[in-house]
Amino acid sequence: MLATVVTWFDDHSFGFAKPDTLTFDVFLHRSSLLDAADHDRLHVGQRISLDLAPAAKRGMKPRAARVTILGDAAILEPRSRPTKAKRLKN
């Protein structure tokens, strides 16, 4: 499934992605990237391909698994170590 990274915390290596076909965001962790080197390329606005994995706890939403970055999209916001999350504006 295709998605867009909408929030990314560099300093904590996690964020959220908005799948094209779902109405909710899914949790995205660095460990879900198929290529560990892709962590340095991940940023808000980046297009990715992902699979959904079951939620870690009952009552939670599914999370991203087997994530692949699709090309090198333009960075929408400066990439820095934020103290707060960056959120893609709709």
Side-chain angles (χ1 to χ4, degrees):
M1 136 181 341
L2 299 177
T4 303
V5 177
V6 293
T7 306
W8 184 251
F9 293 95
D10 271 341
D11 50 348
H12 296 294
S13 302
F14 77 89
F16 294 89
K18 171 69 176 102
D20 294 350
T21 57
L22 299 176
T23 59
F24 56 87
D25 296 349
V26 294
F27 178 76
L28 171 64
H29 190 267
R30 176 175 110 172
S31 63
S32 64
L33 294 168
L34 289 178
D35 184 352
D38 279 346
H39 172 257
D40 292 334
R41 294 177 47 215
L42 199 60
H43 57 266
V44 172
Q46 182 71 52
R47 295 288 291 162
I48 58 175
S49 171
L50 59 85
D51 290 336
L52 291 180
K57 295 180 181 177
R58 188 174 182 212
M60 296 178 72
K61 296 176 184 171
R63 57 188 167 82
R66 298 189 339 203
V67 176
T68 303
I69 292 178
L70 303 175
D72 285 322
I75 296 175
L76 298 180
E77 297 182 31
R79 188 151 191 256
S80 62
R81 294 198 169 271
T83 55
K84 293 186 178 181
K86 296 177 189 175
R87 175 96 179 143
L88 182 65
K89 303 212 187 314
N90 292 341

Colleague: Would you list the atom pairs, donor with acceptor, under 3.5 Å between side chains in residues 48-63 and any protein atom, with sequence neighbours excluded?
Modeller:
{"residue": "Asp51", "atom": "OD2", "partner": "Arg66", "partner atom": "NE", "Å": "2.8"}
{"residue": "Asp51", "atom": "OD2", "partner": "Arg66", "partner atom": "NH2", "Å": "2.5"}
{"residue": "Arg63", "atom": "NE", "partner": "Pro54", "partner atom": "O", "Å": "3.3"}

Colleague: Looking at every heavy atom in both Asp20 and Arg47, which two are closest together, and how far apart are they?
Modeller: OD2-NH2, 2.8 Å

Colleague: Quick check: closest heavy atoms across Ala17 and Ala3, and the distance to 0.1 Å?
Modeller: CB-CB, 4.2 Å

Colleague: Minimum heavy-atom separation for Lys18 to Val6, with atom names?
Modeller: CB-CG1, 3.8 Å

Colleague: Might you point out which heavy atoms bring Asp25 and Phe16 nearest each other, and give the distance in Å?
Modeller: CB-CB, 4.1 Å

Colleague: Would you check if Leu28 and Leu42 make a side-chain contact, meaning some heavy-atom pair closer than 4.5 Å?
Modeller: yes

Colleague: Grab the two heavy atoms, one from His29 and one from Phe14, that are nearest each other, plus how far apart they are.
Modeller: CD2-CB, 4.0 Å

Colleague: Return the minimal non-hydrogen interatomic distance between Val44 and Trp8, and the atom names on each side.
Modeller: CG2-N, 4.0 Å

